[in-house]
Structures are given as structure tokens and as C-alpha cells.
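Down below is the structure, laid out as C-alpha cells.
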Protein chains: 2
Amino acid sequence: MKQLKNCISEQVHIDTFSLEKIVSSFKKVTLNKGDYFLKSGTLCKKMAFIESGYLRMFDIVDGKEITLWIGSSNMFITSVSSFVFQTHNFWNIQAITNADLWLLDREQHFELCKTQPKWLEFDNILLARSFALLERKMFQQLHTTAQQRFQSLLEEEPELFNRVPLQYIASMLGITPESLSRLRRTGI
Amino acid sequence: MKQLKNCISEQVHIDTFSLEKIVSSFKKVTLNKGDYFLKSGTLCKKMAFIESGYLRMFDIVDGKEITLWIGSSNMFITSVSSFVFQTHNFWNIQAITNADLWLLDREQHFELCKTQPKWLEFDNILLARSFALLERKMFQQLHTTAQQRFQSLLEEEPELFNRVPLQYIASMLGITPESLSRLRRTGI
DNA sequence: TAAATTTCTTAACATTTGTCAAGAGAAAAT
DNA sequence: ATTTTCTCTTGACAAATGTTAAGAAATTTA
């Protein structure tokens, strides 16, 4: 709860009362390793703040699971387009460790947008930041080698390599698990 | 002007009067091939609706220009994070053909957000759609070969290959111009 | 139109990454 | 604790893409 409050108040100026009002719309949920927050083919009706643990977002192509990204503590995760437009969702979001989440229901989200201007403001900032982050990630993918991407992920999120199956990290880097093994071994 | 109006009214229900009010905040500008809409190192103070022509968004790494994407008619283009947060911008946005644009000043944008709820709504939809699009593009980059990405771009935007220097397209696909040549020749 | 510049293609070769198959190691289930 | 299952690593080889250098083609400039 404290983490969620911090996450919001770091981005927008907000009084204690409004902040309380906002976070009281969230509901705490614990997922076990392997549990799904969201399954492909459904409608996404919630957004989640990750208090602890790791979740991966993936889709399946030709029978292979491709991980787009891995969310960790103090991040929000949802299927943006399905949550916003209620189009049918294709992402799977699964806990890859036990995880504590704070969930916000779609309807309560829109209610907050109307009644709590600060929530709308925060939501916009969140989306714009997420966009900018993804943009940089895409850009990196265009001009770096697997080697370089591995190195920078290792520097930016070293904990990931202890907590999360390497096959998911490989997928997120756009390479096979075998290639990641090779990179880890030497840097060759 | 008609195109801009269509683009907005396709996404949100809006009365003629409000729509007029919104589009009257835009200002028409014509860029010649090679002109810059935005330069790296500056603050981004405008967003642009492309009425006609092509613009590319790129950054320079190790002396090489890397094109993240190419915008064409009926799309919006800006440096999202710099426009929203007024952080220093690193993207270059350049016209690669003559281009007609409708520009919206940052201050007028925020003014519209306050006075025209429909503009705020449209802006949110625009951002969410852009995010979803980028997400899919990133996902594609993770699990496809250069070959497959070339094929799908050729199917989705065939005109691009006649209108835009191939080196920019190559860069956007994450490959060298030489590789694109190879792919174009045969499919080998 | 001719010259100059930029862009595109080609080919040989180098490097990176993928594929396959086997086995080692780790984690989960019993 | 043992078995079973899943995950990771390794090595040999194949395929895809990058690099370099040269020249052809197209475009721009004079």
C-alpha cells in the first residue's frame, strides 16, 4: 500500500485525502507462481500494480511463447489496448514468482478519472512514460546486437537473472535460450 | 483540414462546433524535403498532424542514423516524452518528401485539454493506440526474421517503397541497406 | 545537359545467431 | 530421499545477416 502511494505521489502533487480515496479503490491480491493475471482471448478488466514479485507478458506464435516484457515491483501492468478499448486481448500475463498485486477494476478506474482529476493526470503520465520507455526499447532493438542487449539488461536489472527463468529473458531479448547461454558464458 | 477533422471524429463523438473550435487551434505549415520538424537536443513544443508527405523519426548512434519509424498522411507525429514532460528531446523528425502539416502548439494543446473535453479524450485514445501499435511492432521484432518483417511491411505499406529512400526503410526494419537489397531481389 | 552527389546493388567473405541433439543441473512432485 | 519433470548448457553444424569494397543507377546541382 505504501509502495502504491509512493508511486503515485512521486508523479503528481496530491493531497493525502485524495490519495487515500484513490488507493482505496484498489484491491490486494496474491498470485502464486504460475497463476495468470490475464489470459489471451479474454477481455482485460483490471490493471495491476506490482508490489512484489515478477510477472511476464507473452503471446504464443507457432507454438512458441514469446515474452515481450517482464514486470517487477513498483510497476503497473495490464493489456493497455484491451483495458482501454475493451477489444479482445491477446496477451497472457502470468506470475513467474509468487506476487503481491494491487488491482484496479476498469469501471473504478473510469470512475476515478471522473471524480479524482489527479488520477486522470497520473494515468496520462503513466501512459506517456510507458510509451517513451517502449520507444527506447524498440530503438535499441533496431541497432544493437544480442550481445549488447544482454549486457545492458545485465547492468540495468541484474536481479532479473537470479529470479526469472532464463528462457523468458532470452525471449525478451529476441534470442534463443541457447544463444543466451553462449552470451552468459563468455561474452563471445 | 478535412482530413484532420475526419481523423478526430472517427475516434470520438463530437459536435461540429467543438470540432471547429479544436481544429482552429492548429496552424498549417508546409515543409520541403529535408526540412526538420524537430531537432535533437531541443525541447519539443508542437505536435503535428501529417496531411500529406512522409516524415521520419531518427536518432544517431556511433555516427549512424537509426530510423525508428516513418509517419505518413493522417498520422500524428511528435516526440511524446519531450512534448508531455518538456524533457530534452533526442529524436530528429525530418521531412523526407515535401509535406503538409497541421501543427498544434503545446500550450494550446493543454488549453484545449481543459476547455474541450473531447480533445482530452481524443488525446488519450491517440496515445493508447500508439502504445498498442508500438507494442505489436516490438513483439514482431522479437520473433520474426528480417525477411518476414520485410514481407509484412511490403504488404501493409507498399507505397512506402516508392516514396521513401530504402536505407530508411532498412533501418526501420533493423537491418542494413545491403540486406534489404538482398531481400528485395529474391526473397532469399 | 553534364557533372557531382547520393543511393542502391552486387559479390565475397566474416560474424552472429539459430537449430538440433544430447546430457547436466535444478526444481518440483511423490 | 527418489523420481520425475523442467530448465540450462554444450558442441557441431546450418542459416541469416553484417562488412567491405566496388561499381551501377538515380537524383540533385550547376
Side-chain angles (χ1 to χ4, degrees), chain A residues 31-35 53-54 56 58 60-67 70 92 94-99 140-154 158-188, chain B residues 31-35 53-54 56 58 60-67 70 94-99 140-154 158 160-188:
Chain A
L31 294 187
N32 291 318
K33 179 174 176 175
D35 289 350
Y54 292 88
R56 71 177 176 126
F58 69 98
I60 299 174
V61 181
D62 301 332
K64 281 183 196 161
E65 296 180 353
I66 311 294
T67 297
I70 296 173
N92 295 281
Q94 183 189 32
I96 45 184
T97 62
N98 294 344
Q140 176 180 257
Q141 194 72 24
L142 290 182
H143 78 276
T144 58
T145 62
Q147 161 84 278
Q148 293 169 309
R149 297 195 301 276
F150 162 67
Q151 288 293 350
S152 59
L153 187 61
L154 192 58
E159 341 74 55
L160 217 60
F161 290 82
N162 307 320
R163 305 305 209 81
V164 161
L166 294 171
Q167 54 183 318
Y168 303 149
I169 296 178
S171 175
M172 197 171 56
L173 291 171
I175 59 179
T176 60
E178 293 91 338
S179 290
L180 180 56
S181 269
R182 202 158 26 197
L183 294 175
R184 269 158 55 84
R185 185 147 60 103
T186 64
I188 281 173
Chain B
L31 294 187
N32 292 317
K33 179 174 176 176
D35 289 351
Y54 291 89
R56 70 179 176 125
F58 70 99
I60 299 174
V61 181
D62 301 331
K64 282 183 196 163
E65 297 179 352
I66 312 293
T67 297
I70 295 174
Q94 183 189 31
I96 47 184
T97 62
N98 293 345
Q140 176 180 257
Q141 194 72 25
L142 290 182
H143 77 277
T144 58
T145 62
Q147 162 84 277
Q148 294 170 309
R149 298 195 300 275
F150 163 67
Q151 287 293 349
S152 59
L153 187 62
L154 192 58
L160 215 61
F161 290 81
N162 306 319
R163 305 304 209 79
V164 160
L166 293 171
Q167 54 181 320
Y168 302 149
I169 296 178
S171 174
M172 196 172 57
L173 291 170
I175 59 179
T176 60
E178 292 89 342
S179 291
L180 181 56
S181 270
R182 201 157 28 198
L183 294 174
R184 270 158 55 83
R185 184 146 62 103
T186 64
I188 283 172

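Both backbone and side-chain heavy atoms feed into the values below; hydrogens, waters and symmetry mates do not. Lettering of chains follows the sequences in order, A, B, ..., and the numbering in each one begins at 1.
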CD1 (A/Ile96) and CG (A/Leu160) are apart, to the nearest 0.5 Å, by 7.0 Å

Rounded to whole Å, the CD-P distance (B/Glu65 to C/dT6) equals 12 Å

Taken to the nearest 0.5 Å, the spacing of A/Ile66 CD1 from A/Arg56 CZ works out to 10.5 Å

* Answer yes or no on whether A/Arg163 is positioned over the face of A/Tyr54, meaning its NZ or CZ is under 6.0 Å from the six-membered ring centre and within 45° of the axis. => no

On DNA chain D, more 5' by nearest nucleotide between B/Gly174 and A/Ser179 is A/Ser179

Output for pair (A/Leu142 CG, A/Thr144 OG1), nearest 0.5 Å, gives 8.5 Å

From CZ of A/Arg185 across to C1' of C/dT17 the rounded distance in Å is 14 Å

Heavy-atom closest pair (B/Lys33 atom, B/Asn98 atom, distance to 0.1 Å) is N-OD1, 2.8 Å

Does A/Asn162 have more than 12 heavy atoms from other residues, nucleotides or ligands lying within 6.0 Å of its CG? yes

note: A/Leu183, atom CG; C/dT17, atom C1'; distance rounded to Å ~ 9 Å

Scanning both residues in full, the closest heavy-atom pair of A/Tyr168 with A/Thr67 reads O-CB, 3.8 Å

Are any protein N/O atoms closer than 3.5 Å to N/O atoms in nucleotides 25-30 of chain C? If there are, list each pair with its distance.
{"unit_1": "C/dA28", "atom_1": "OP1", "unit_2": "A/Lys33", "atom_2": "NZ", "d": "3.0"}

Those residues at least two apart in sequence (or on a different chain) that pass side chain to side chain contact (heavy atoms under 4.5 Å, CB included) with B/Thr145 are B/Gln147, B/Gln148

With the side chain defined as heavy atoms from C-beta on, A/Lys64 is closest, among C/dT19, C/dT10, C/dT17, to C/dT19

| query | Would A/Glu178 and A/Thr176 count as a side chain to side chain contact (heavy atoms under 4.5 Å, CB included) if you check the C-alpha gap in whole Å, the side-chain angles of each, and the deciding distance to 0.1 Å? | reply | CA-CA 5 Å; A/Glu178 293 91 338; A/Thr176 60; 3.4 Å; yes

- Going through the distances and angles, do B/Ser152 and B/Gln140 end up as a side chain to side chain contact (heavy atoms under 4.5 Å, CB included)? CA-CA 10 Å; B/Ser152 59; B/Gln140 176 180 257; 3.3 Å; yes

Residues A/Gln94 and A/Gly34: closest non-hydrogen pair is NE2-O, 3.1 Å

Chain A vs DNA chain D, heavy-atom contacts under 4.0 Å, first-to-last nucleotide span, 5' to 3', is D/dT7 to D/dG11

B/Leu180 CG to C/dT10 P, in whole Å, measures 12 Å

To the nearest angstrom, the CG-P distance between A/Leu173 and C/dG18 comes to 10 Å

With five pairs defining each end axis, the helix from C/dT1-D/dA30 to C/dT30-D/dA1 comes out bent, to 10°, by 60°

Numerically ordered, the residues 162-171 of chain A set in heavy-atom contact under 4.0 Å with DNA chain C is none

Rounded to the nearest 0.5 Å, the CE atom of A/Met172 sits from the CG atom of A/Leu166 at a distance of 11.0 Å

Do A/Leu153 and A/Phe161 have side chains that get closer than 4.5 Å, going by heavy atoms?
-> yes

Look at all strands and tell whether B/Thr145 reaches a base, only sugar-phosphate, or nothing, counting heavy atoms closer than 4.0 Å.
sugar-phosphate

Filtered N/O pairs between nucleotides 20-24 of chain C and protein, under 3.5 Å:
{"unit_1": "C/dC20", "atom_1": "N4", "unit_2": "A/Glu178", "atom_2": "OE2", "d": "3.4"}

Shortest non-hydrogen pair, B/Leu173 vs B/Arg149, comes out as O-NH2, 2.8 Å

A/Arg184 atom CZ is separated from C/dT17 atom P, nearest whole Å, by 16 Å

Smallest heavy-atom separation, B/Ala95 atom then B/Asn32 atom, equals CB-O, 3.7 Å

When rounded to whole Å, the CZ to C1' distance for the pair B/Arg56 and C/dT7 reads 13 Å

Exercise for review: May I ask you to check whether A/Arg184 and A/Ser181 show a side-chain donor-acceptor distance below 3.5 Å?
Suggested key: no

